[in-house]
Amino acid sequence: MQDTSFAIHPGNKKQIEGTDYRDAGSVTAVQKGASHLQLECENGYVTILFYSSSVARVVMNPKQVPVLDDSFAVIQTPENIKVDLQEQEGSFTLTAGNLTAHVTTDPLRITFLDSSGRVLISEGDKGMGHSANGEIVCYKESDEADHYYGFGEKTGFLDKRGEKMTMWNTDVYAPHNPETDALYQSIPFFMTLRNGHAHGLFFDNPGKTHFNMRNGDGTYHFSCESGQMDYYVMAGPTMKEVLGQYTGLTGTMPLPPKWAIGYHQSRYSYETEEEVRELVSQFIEKEIPVDAVYLDIHYMDGYRVFTFDEDRFPDPKKLIADLKEQGIRVVPIVDPGVKEDPEYGAYQEGIRQDHFCKYIEGNVYYGDVWPGNSAFPDFTKDDVRDWWGEKHRFYTELGIEGIWNDMNEPAVFNETKTMDTKVIHENNGSPKTHREVHNIYGLKMGEATYEGMKKNLNGKRTFLLTRAGYAGVQRYGSVWTGDNRSFWEHLQLAIPMCMNLGMSGVPFTGPDVGGFAHDANGQLLARWTQFGTFTPYFRNHSAIGTLRQEPWSFGEDVEKNVKKYIDLRYIWMPQLYKLFRDASVTGVPVMRPLVLEYPEDPATFNLSDQFMIGENVIVAPITAPDTFHRAVYLPEGNWVNYWTEEVIEGGRHILTEADLETLPVFVKRGSVVAHGSPKRSTAVKETDYQLHFYAGEKGETSYTVYDDDGETFGYETGESFEMPVTFSYDQTRLSITSGSVNGTYTPDWEELTVFVHGADELKEISVNGNTAHFETLGSGIVKIRVQR
Ligand code: GLC
């Protein structure tokens with residue numbers, strides 16, 4: 001119906017945005033707790049509580065005292081902190097360290113301020129309210145200076161100022177364009193950058209939520225057609241601190257196994273064992289690295305999950321073992337729909353043990369997906385998640401260590417594209433309709449899968465790729481951006497999309513390299529692979545019926561180009577791995593918009609076509625055909641062209657050259673990146689650990705080398721290697737000092753090779769106080785060995 005004029009039917013107008021808004025009104029009764037305030041208002045009940053000295057939560061329920069323990073996203077419990085509560089005539093002030101809530105009572109309006117009294121979030125004519133049909137809404141004042149980042153997986157540019165967005169996990173096969181709103185992931189979180197300071201807001205409601213950042217009257221608002229108004233405020237004041245506070249609430253990404261961040265090859269589908277073996281032999285023969293090969297839906301017997309088709313894959317165990325010998329993992333797809341087939345084990349168990357989603361009347365819900373009529377596990381039940389997790393023993397016993405979850409919005413082949421919203425999710429005795437919790441289906445499936453695999457793998461790290469998710473999805477999985485197309489425009493839109501996913505707590509993301517639907521061509525594949533080298537998740541995937549797009553599909557020149565960049569991924573692996581480790585601790589993403597590092601620089605506010613890896617590397621992909629130059633913005637400081645060693649003064653735009661073999665990359669002068677050597681997969685040990693120091697005129701730079709075994713959880717109990725290395729320098733002298741090692745892991749490499757770039761005038765180098773011998777390599781680069 002959305003494709004007809006019905007889409008603009010006057011009756012479709014959202015009530016809540018019209019005259020039906022009922023303000024919560026004035027406060028009529030107050031209850032004070034140690035770290036919370038409980039208010040009864042004319043039109044609703046409100047709780048304000050603090051989670052930490054920088055995070056507060058506000059919940060409004062129009063009908064009853066708010067329910068506080070029903071979040072699927074938040075895993076943090078409120079800290080036992082001291083909240084200072086002051087009562088004035090007509091208002092209350094709650095202060096906890098960095099955040100103050102000022103609450104006026106007639107009518108109820110809440111203002112959040114930071115410790116210096118700066119207003120972060122305020123309400124004007126309208127505050128919280130609801131409509132007769134149960135929609136809830138909250139209006140906030142916006143500022144001319146505001147820029148908005150986050151909102152998960154969205155099309156369009158980086159800054160979401162002036163956008164309207166809906167959160168409703170949706171399988172969108174139609175080409176994604178700036179008007180495509182709800183996609184596969186729903187992350188109702190964003191941060192506001194205002195005059196160099198940031199704060200965050202997370203609207204924790206897994207129903208269909210809307211954000212309107214273009215009211216045009218000095219406000220923005222967010223609403224939902226079901227559930228409670230329930231939001232968290234994060235005080236910042238930096239964007240990185242907001243990310244820390246948000247991932248404090250919803251969790252950080254677990255450190256993935258190293259193989260998960262190598263190059264992955266997929267196709268819908270590699271249909272037989274023979275085809276998979278042939279594919280792998282091509283990679284080996286052509287010496288193109290690969291860490292994982294994916295099995296799409298054809299591996300199964302009639303698309304039944306937890307089965308292999310015996311004709312197509314007669315001996316999966318041997319296939320998987322043989323590939324592992326070559327350093328390659330196999331990742332099979334697992335969709336939630338379980339085929340309705342009384343002779344199929346998973347279906348029998350699901351029915352007999354009452355694991356499937358049902359209507360309130362007791363009948364199982366069935367929907368049409370790849371296997372035909374299918375039932376859907378109710379992942380809100382603990383015992384169903386345990387059952388589903390345990391079923392993955394089928395895969396782990398075959399030697400599989402990673403799983404790909406798809407269609408988990410859940411997608412259903414019908415008019416609404418999903419499950420009937422009347423279906424019930426039992427939620428361990430606190431039942432909800434699908435309408436109320438639609439957006440958490442993929443998250444809970446991810447939890448079941450991740451936890452099951454983790455348990456079955458006995459101490460080995462697992463890898464999960466998921467299409468759908470909600471706030472907190474980073475705890476379980478990596479996210480690819482769904483069914484894009486082999487369009488240059490889709491390469492362009494993937495850049496801000498992945499950056500905003502990173503700004504929404506999800507660091508491990510990437511699009512299908514080369515594009516999924518439509519036919520790729522050689523130039524597009526080359527440019528997209530160049531971009532993929534630096535996206536946290538790096539997988540080439542394409543759809544049934546499209547041109548093949550493996551690295552060698554478009555002739556030798558493209559193959560060489562693509563190989564160069566897949567090799568480069570492995571060269572950069574030590575740096576990427578360290579950034580993954582950092583992200584798993586701090587929540588600050590691997591792939592970053594420039595604004596995250598330069599929040600005072602207006603040129604970065606909506607910079608959507610280039611990004612950073614960590615805090616010191618700028619990547620500026622080419623995203624149009626036959627284009628061999630591009631404008632790049634380099635913020636303040638001096639930057640070194642990674643390929644030519646040219647030093648370029650920043651604070652301006654430059655025009656850079658980029659022939660078909662060149663991806664523009666710039667490293668900030670005075671900083672360090674770690675490199676390794678190209679290898680056929682991460683299974684090959686790294687014996688050549690390099691630090692590349694881009695020397696400046698004078699200064700001191702510190703870098704902490706991070707490594708661990710890359711496959712177990714040993715690092716959680718100290719089996720890691722962390723070593724600070726300090727570079728103190730002026731133009732003629734450099735002293736390198738390695739600090740004491742933290743952790744008990746012994747890396748495979750025995751010495752570090754330090755490359756000093758921009759070393760033309762360097763005369764003397766000392767390592768840990770002793771004069772060191774160094775080798776001059778040309779282009780102003782010298783090389784020194786440093787014992788571990
Ligand atoms: C969906 C997925 C795609 C997959 C296909 C077949 O379209 O998004 O990646 O290849 O289903 O399983």
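Atoms within a ligand are numbered from 1 in the order they appear, just like the ligands themselves. The figures here come from the full heavy-atom set of this structure, side chains too, leaving out hydrogens, waters and symmetry mates.
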Task: contact_flag Y184 ligand 1 heavy-atom lt 4.0 Å - done: no
Open item on the list: Strictly distance-based, threshold 3.5 Å: is any side-chain N or O of Y476 a donor or acceptor partner for the main-chain N or O of M445?
Closed with: no
- [ ] Considering the heavy atoms of I333, write down every atom of ligand 1 situated less than 4.0 Å from one of them.
- [x] 12 (O)
Task: Closest approach of any protein heavy atom to atom 5 (C) of ligand 1, naming residue and atom - done: D406 OD2, 3.9 Å
Task: Aromatic ring proximity, centroids under 6.0 angstrom, Y537 and W480 - done: no
- [ ] Examine distances only and state if a side-chain atom of D335 and a backbone atom of G337 form a donor-acceptor pair shorter than 3.5 Å.
- [x] no
TODO: State plainly whether the residues E401 and R329 are in salt-bridge range, i.e. N to O under 4.0 Å.
DONE: yes
Task: Under 4.0 Å to a heavy atom of Y268 - the qualifying atoms of ligand 1, by number - done: 6 (C), 10 (O)
- [ ] Mind listing the closest non-hydrogen atom pair of T546 and R267 along with its distance?
- [x] O-NH2, 2.7 Å
Task: Minimum-distance protein heavy atom relative to atom 8 (O) of ligand 1 - done: D483 OD1, 2.5 Å
Open item on the list: Hydrogens and angles aside, do N405 and Y450 bring a side-chain donor and acceptor to less than 3.5 Å of each other?
Closed with: no
Open item on the list: So if I count the atoms of ligand 1 from 1 in the order they appear, which ones are less than 4.0 Å from some heavy atom of W404?
Closed with: 9 (O), 10 (O)
Task: SB check D171 R467 (cutoff 4.0 Å) - done: yes
- [ ] Could you tell me how the ring of H392 sits relative to the ring of Y395: parallel (under 30°), tilted (30 to 60°) or perpendicular (over 60°)?
- [x] tilted
- [ ] Give the atoms of ligand 1, by number and element, whose distance to some non-hydrogen atom of R467 is under 4.0 Å.
- [x] 1 (C), 2 (C), 7 (O), 8 (O)
Task: Atom indices of ligand 1 within 4.0 angstrom of W480 heavy atoms, with elements - done: 8 (O), 9 (O)
Open item on the list: Looking only at protein heavy atoms, which one is nearest to atom 9 (O) of ligand 1, and what is the separation?
Closed with: H541 NE2, 3.1 Å
- [ ] With heavy atoms only and a cut-off of under 4.0 Å, state how Y173 meets ligand 1: side chain, backbone, both or neither.
- [x] neither
Open item on the list: Is the contact between Y303 and ligand 1 made by the side chain, the backbone, both, or neither, using heavy atoms and a 4.0 Å cut-off?
Closed with: neither
- [ ] State the atoms of ligand 1, each with its element, that fall below the 4.0 Å cut-off from a heavy-atom position in W370.
- [x] 6 (C), 11 (O), 12 (O)
- [ ] Note the single closest protein heavy atom to atom 10 (O) of ligand 1, along with its residue, its atom name and the distance in Å.
- [x] D296 OD2, 2.5 Å
Task: Short side-chain to backbone donor-acceptor contact, T529 and R527, under 3.5 Å - done: no
